[in-house]
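These figures come from a predicted structure and were not determined experimentally. Below, chain A is the first sequence line, B the second, and so on; all start at residue 1.
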Amino acid sequence: MRRRPHDAPRSSAPRSSAPRPPDAPDRSRRRRRALSLSTREAIWAYVFLLLPLAFYAFLRIYPAIQSFDLSLHRWHVDPAQRTFLGLAYYRELIGDPKLHRALTNTLLYAAIVVPSQLVLGLGIAVLLQSVRRLRPLFRAIYFSPYVTPAAAVAWVWGWMYSVNFGVFNTALIAWSDFVTRLGLAWLSIPPQAFLSDPKQALPSVAAVVVWQQLGFQVVIFLAGLQGVPRMFYDAAAIDGANAFQRFRFVTLPLLNPVMVFSVIISTIATLQLFDQVVNINFTDQGGPLNATLTIALYMYQLAFSRFQIGYASAVTVLLFVLILTVTLIQLRLLQRRVEY
Amino acid sequence: MRRSLVVLALILGASVGFQAFAQKTTITYWQYAYDTRVQAMTELIQQFEQANPDITVKQETFPYNAYQQQVAASLPAGQGADVVQLYYGWLDTWLRSGYVEALPSQYFDAAALDSEFIPMVEAAKRNGQYYGLPTAVRSLALFYNKDMFKAAGIDGPPATWDQFVQDAKALTKRTGSRFTQEGFGIAPNGQGHNLLREVLIRQFGGQPYSADGSTVTYDSEAGLKAFEFYTGLVTKDQVAVLNFVPGDNGYRDGFIQLQNIAMIVDGSFAIGSVKAGAKFDWGVAELPTLANGVKSDFGSFWMNGLTPNAFKDPAKLEAASKFLKFVTSPDAMKLWLNVVGELPARASLVDDPTLASDPVYGPFIKSLAYSHATQFVDESAQRQVFMDAVNRVILENQAPAASWAQAAKEEQAILDKAKSQ
């Protein structure tokens with residue numbers, strides 16, 4: 001993390017060890033009091049931080065450790081009857097084809113969702129930035145899917161994707177009729193299966209996720225854009241930079257921290273993808289033929305419809321390791337130092 | 001002084017009295033939230049509490065989709081239900097993790113239960129002990145839209161599967177490549193996998209599993225024919241499409257609300273929803289047969305079991321056992337039938353001729369005599385195997401024989417794994 005300039009003197013202030021001149025007792029007392037005030041402030045800050053910290057430790061960190069413990073045991077309601085299995089579940093994970101599918105799918109979701117959100121989110125934010133009128137309205141419209149419950153979104157999209165009733169296929173049929181009448185039948189597109197096709201199902205769900213979370217990205221990028229000082233653009237313009245060059249050499253580098261944040265947040269959200277997948281194909285969650293299955297959903301199914309809590313915990317630990325690794329790699333690769 | 005002593009004595013006396021009064025045993029009952037089921041159970045609890053003033057029963061319900069999750073999370077913490085309703089197919093899964101205990105022998109006699117309940121209920125038995133008892137059982141039958149049948153010039157419900165396919169073809173409508181009306185609301189995830197497993201395989205002359213339930217035996221010529229018939233409804237006869245109506249119970253919504261599905265195979269538990277929601281003339285018929293006339297049906301039930309919580313103190317166990325007996329008594333079953341529409345589980349009630357002649361309940365009651373309840377070891381995984389088998393054929397154009405053989409292999413692996421645990 002970059003250190004803010006005004007932090008520097010305070011934290012690195014050298015403690016004076018030189019003997020005090022006898023004629024300045026007032027000043028030294030004042031100085032000591034100033035120090036102790038800041039210390040006292042810090043102590044109070046820690047006290048206030050301690051409460052949420054304890055809460056966090058109890059509700060997040062302790063269960064996380066516990067789930068690792070559970071992953072080493074065969075599950076039973078009565079703790080005394082939980083048999084220790086060591087790493088047996090982890091060995092089972094390695095040979096579990098359904099887990100492999102869930103893992104590939106999850107990474108595939110991330111590969112589709114994260115770049116799409118970055119490009120679209122930034123693009124829309126830049127366009128919105130240049131719009132003078134109705135900007136708050138546009139912002140609200142783009143943000144509204146984000147505040148809609150995932151279950152409701154998935155349900156509506158499930159109908160839109162419906163082979164026999166959905167609006168997409170209705171549009172495709174209308175289009176095909178139109179171009180056929182114009183004598184351009186080769187332009188027509190047949191109705192698609194979308195969620196019912198094992199090949200199309202994952203991209204179809206990914207599109208819903210992108211659509212739903214785009215608003216969040218737009219707002220983040222808008223805030224980032226507003227933080228770019230006007231004078232850099234002016235200076236670049238005086239140097240003869242055109243609009244693209246200004247975007248490429250001013251906006252992009254200065255937005256780097258925002259982009260890193262956006263990529264990491266959307267990656268974590270996508271690796272945990274669950275709500276949309278569960279609700280969009282309710283009769284065959286994660287289907288058809290595991291085409292949309294994610295790690296989080298597989299874990300849920302194992303734990304709560306098959307009661308294999310131990311094995312599900314092992315999957316959770318795997319998901320944790322995966323997210324941690326991906327995030328660390330992203331931090332390494334993306335966070336370049338930018339000199340202003 | 002004396003007066004204040006009297007007051008003190010009165011207060012003491014009253015508090016002792018209250019304490020005696022408060023020596024009530026409270027038990028908690030869990031089931032999933034479904035209006036008529038909750039209503040029926042509320043009435044039963046009132047009756048039970050009147051007859052047993054020293055016992056209080058607290059009913060708690062959860063949405064169906066969160067039900068097992070609640071159970072999984074609460075019981076390990078020592079919270080939640082003493083008496084719990086569970087689908088019979090979950091028994092092995094619950095048993096392996098210790099969520100349900102055998103009914104205590106001091107209150108329940110397994111041999112007597114064998115004769116009092118219909119044979120299907122033995123699916124709640126493991127190693128000679130019952131792990132729960134049902135208030136009601138359910139079987140499958142054919143629901144059909146009489147108005148659509150009339151419009152298509154069909155007299156009555158199909159008696160054979162050949163007739164069924166013919167009728168379904170007449171009742172299917174398309175515009176271009178899209179279906180606007182389905183002759184048959186296919187639902188592999190709904191009752192479809194049960195229809196295939198316990199009805200079609202047996203009617204085609206096969207057996208789904210070995211007698212002890214440990215081996216898959218449907219990977220046979222008869223089994224394959226059954227599978228080809230079922231998937232053929234989509235691929236060959238084209239009277240159905242997967243996910244015609246999106247949603248959790250799309251096939252039922254299409255039949256009841258949207259009226260774009262002419263026939264569905266559904267359980268007796270759907271009677272209530274159809275009665276309440278259908279704004280058209282409808283009927284119920286026993287499931288069709290093949291030319292050989294072999295009848296078969298899938299029976300299932302939700303059973304009331306005891307969790308480890310109920311065994312924590314003897315008074316609680318006695319109260320919970322008493323309550324379990326009450327909700328599975330003949331009177332409770334009659335109430336359940338009237339309020340929920342589910343069939344009684346006691347042999348004495350099933351033989352009642354007035355019930356068998358009822359136009360709606362009749363077909364279900366009659367089929368109980370030839371119903372089979374699958375001995376699931378991991379119901380959701382086993383259901384998934386069948387759904388995937390159907391999907392491979394319909395969505396990926398795989399040859400039925402290959403897909404069916406793969407399903408048999410996958411399910412055998414599930415059975416083997418359960419056995420080893």
**OP:** Would you mind checking which part of Leu258(B) comes under 4.5 Å of any heavy atom in chain A, side chain (CB onward), backbone (N, CA, C, O), both or neither?
**Re:** side chain
Subject >> Heavy-atom neighbours of Phe84(A) CZ exceed 12 at 6.0 Å >> reply: yes
Original post:
Which one of Phe165(A), Phe307(A), Phe304(A) has the most heavy-atom pairs closer than 4.5 Å to chain B?
Top reply: Phe307(A)
**OP:** Might you confirm whether atom CG of Leu51(A) has over 12 heavy atoms from other residues, nucleotides or ligands at distances under 6.0 Å?
**Re:** no
Every donor-acceptor pair from chain B to chain A under 3.5 Å, please, each on its own line.
| unit_1 | atom_1 | unit_2 | atom_2 | d |
| --- | --- | --- | --- | --- |
| Gln69(B) | OE1 | Tyr300(A) | OH | 3.3 |
| Ser97(B) | O | Val77(A) | N | 2.7 |
| Ser97(B) | OG | Phe307(A) | O | 3.4 |
| Tyr99(B) | OH | Trp75(A) | NE1 | 2.9 |
| Arg178(B) | NE | Val163(A) | O | 3.0 |
| Arg178(B) | NE | Asn164(A) | O | 3.4 |
| Arg178(B) | NH1 | Thr170(A) | OG1 | 3.1 |
| Arg178(B) | NH2 | Val163(A) | O | 3.4 |
| Arg178(B) | NH2 | Gly166(A) | O | 2.9 |
| Arg178(B) | NH2 | Thr170(A) | OG1 | 3.4 |
| Phe179(B) | N | Asn164(A) | OD1 | 2.7 |
| Asn189(B) | ND2 | Thr283(A) | O | 3.2 |
| Asn243(B) | OD1 | Thr283(A) | OG1 | 3.4 |
| Asp378(B) | OD1 | Arg306(A) | NE | 3.4 |
| Asp378(B) | OD2 | Arg306(A) | NE | 2.9 |
| Asp378(B) | OD2 | Arg306(A) | NH2 | 2.9 |
| Gln384(B) | NE2 | Asp284(A) | OD1 | 3.0 |
| Asn391(B) | ND2 | Asp284(A) | OD2 | 3.2 |
| Lys417(B) | NZ | Glu92(A) | OE2 | 2.9 |

Original post:
Considering residues, nucleotides and ligands other than Phe311(B), do more than 12 of their heavy atoms fall under 6.0 Å from its CZ?
Top reply: yes
Subject >> chain B contact via Ile173(A) - which portion, at a heavy-atom distance below 4.5 Å >> reply: side chain
Original post:
What option among Gly158(A), Pro198(A), Ala193(A), Pro79(A) has the most heavy-atom pairs under 4.5 Å with chain B?
Top reply: Pro198(A)
Original post:
Which heavy-atom pair separates Leu395(B) from Pro288(A) by the least distance, and what is that distance?
Top reply: CD1-CB, 3.5 Å
Subject >> Closest non-hydrogen atom pair between Ala72(B) and Ile309(A), with its separation >> reply: CB-CD1, 4.4 Å
